[in-house]
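First up is the structure itself, then whatever we jot down about it.
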Protein chains: 2
Amino acid sequence: MLQRSIGSLAKATGVKVPTIRFYEQIGLLPAPQRTLSDRRVYGEAAVGRLAFIKHARQLGFPVEAIRDLLRLSDSPEQPCETANALAAEQLSAVRAKIAQLQVLERELQQMVDAACIGEVANCRVIEALHDHTLCAGGHQTERRPTYAGL
Amino acid sequence: MLQRSIGSLAKATGVKVPTIRFYEQIGLLPAPQRTLSDRRVYGEAAVGRLAFIKHARQLGFPVEAIRDLLRLSDSPEQPCETANALAAEQLSAVRAKIAQLQVLERELQQMVDAACIGEVANCRVIEALHDHTLCAGGHQTERRPTYAGL
DNA sequence: GTGCATCCTCTAGCTGCTGGAGGATCAAGG
DNA sequence: CCTTGATCCTCCAGCAGCTAGAGGATGCAC
């Protein structure tokens, strides 16, 4: 069977070497075997697992959710409701983020549309930032996002 | 003129006390006067400045951009092109983020639509994460975003 | 005077990596 | 055999933008 160094695994998956070590450290990737000189040696399974992680991260799943998804993936006889729930949760987090950004987009658009040519004293952008009442006021404070960093 | 404690300023602006101290530390807010017992004392100007910062943060402006905007706001005889440019830059950053999230939204939607009822072995969600070719592949790795954290 | 709120500084933690220091090891060329 | 450069190791610091806690000093009302 094929054995890989960490650099080879990095090339195969497009995940950087320090990131792979980081995933091992936080327990997303199992600690691999080592050579006599303490170098990590990976089998083919690691490629699949790391690709899974990478894909999930690209979709914005937080690490804790990926941990759950990997556990599920490792035990295929389990019911898959949890996986569905995690995906649904992530979807709604993404949608919430989009909606929030669209509010910002509208307000920024207004600022940019009203852009002045003169001095800062008459600048609409600065003015709008000073006077919150000029905007729709729809943007949120958004502390402690419930789910993903995104 | 009205003098405020840090707690009062926090209440007046909706910005938390440690955050105010943090803004002072990174130089967004000037260091205020102190009482004999070393407590911070703010004037009314601080309310306006902090509200400005809060609003800009809500709009997703990164701290460095806010620093620039505050400098501009402090010297109203300057031309306001920089302010316009910062707003435009922020707008395009927000738009880019929205576009990226919409790609994720579509892919997650597909996953959720295909959600299975049985075991993980047949779970579409897990399968989609394993097999990148099942999705549009449009999502980016998005390392080192050029502008805002958002 | 007693108790609680508020303030102070300092430090560490959050997420998800990224990069560097300082050193060991490996493989290839001369 | 020796050198060179790539790769590997561990550990630690840093990014953004806060947030929270320790441990202690005041302030104020009853």
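Reminder, nothing fancy here: chain letters follow the sequence lines and each chain counts from 1.
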Determine, for nucleotides 25-30 of chain D in 5'-to-3' order, which nucleotides have protein heavy atoms under 4.0 Å from the base (write B), from only the sugar-phosphate (write S), or from neither (write -).
-> BBS---
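- Between C:dG16, D:dC8, D:dC18, one nucleotide has an atom nearer to the side chain of B:Thr19 than all others, and that is D:dC18.
- The NZ atom of B:Lys16 sits 10 Å away from the P atom of D:dC18 (whole-angstrom rounding).
- Atom CD in B:Gln58 sits roughly 11 Å away from atom P in D:dC18 (whole-Å rounding).
- Atom C1' of nucleotide D:dT19 and atom CD1 of B:Ile20 are separated by 14 Å, given to the nearest angstrom.
- Along DNA chain C, the nucleotide nearest B:Gly7 and the nucleotide nearest A:Val63 are compared for position; the residue whose nucleotide lies closer to the 5' end is B:Gly7.
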Within the sub-3.5 Å range, which N or O atoms of nucleotides 9-13 of chain C have a protein N or O partner, and how far apart are they?
residue: C:dT9; atom: OP1; partner: B:Arg34; partner atom: NH1; Å: 3.2
residue: C:dT9; atom: OP1; partner: B:Arg34; partner atom: NH2; Å: 3.1
residue: C:dT9; atom: OP2; partner: B:Arg40; partner atom: NH1; Å: 3.0
residue: C:dT9; atom: OP2; partner: B:Arg40; partner atom: NH2; Å: 2.9

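- B:Ile20 is not connected to B:Val41 by any chain of hydrophobic side-chain contacts under 4.5 Å among Ile, Leu, Val, Met, Phe, Trp and Tyr, and they are in different clusters.
- Taking the side chain as every heavy atom from C-beta outward, B:Arg4 and B:Arg40 never approach each other to under 4.5 Å.
- When side chains are defined from C-beta on, A:Phe61 counts as touching B:Leu108, because their heavy atoms get closer than 4.5 Å.
- Distances shown here put every side-chain N or O of A:Ser5 at or beyond 4.0 Å from the OP1 or OP2 atom of D:dT7.
- In this structure, CE in A:Met111 is found 10.0 Å from CG in A:Leu104, a value given to the nearest 0.5 Å.
- Counting to the nearest Å, the P atom of C:dC17 and the NZ atom of A:Lys54 are 12 Å from each other.
- In this structure, the side chains of B:Gln58 and A:Glu107 stay at 4.5 Å or more apart for every pair of heavy atoms.
- Here CZ of A:Arg67 is found 4.0 Å from CD of A:Glu64. Values are rounded to the nearest 0.5 Å.
- The CZ atom of B:Arg34 sits 12.5 Å away from the CG atom of B:Leu36 when rounded to the nearest 0.5 Å.
- One can place CD1 of B:Ile53 at 14 Å from C1' of D:dC18, the figure rounded to the nearest angstrom.
- Summarising the geometry, atom CG belonging to B:Leu72 is positioned 6.5 Å from atom CD belonging to B:Gln78; distances are rounded to the nearest 0.5 Å.
- The existence of a salt bridge linking A:Arg71 and A:Asp68 is confirmed by a sub-4.0 Å separation between a basic side-chain nitrogen and an acidic carboxylate oxygen.
- Across all strands, A:Ile6 comes closer than 4.0 Å only to sugar-phosphate atoms, never to a base (heavy-atom distances).
- Protein atom NZ of A:Lys11 is 9 Å distant from nucleotide atom C1' of D:dT7, rounded to whole Å.
- Taking atom CZ of residue A:Arg57 and atom C1' of nucleotide C:dT18, one finds them 14 Å apart after rounding to whole Å.
- Of the candidates D:dT19, C:dC7, C:dG16, the closest approach to any side-chain atom of A:Pro62 belongs to C:dG16.
- Note: CZ (A:Arg4) to P (C:dC26) measures 20 Å, nearest angstrom.
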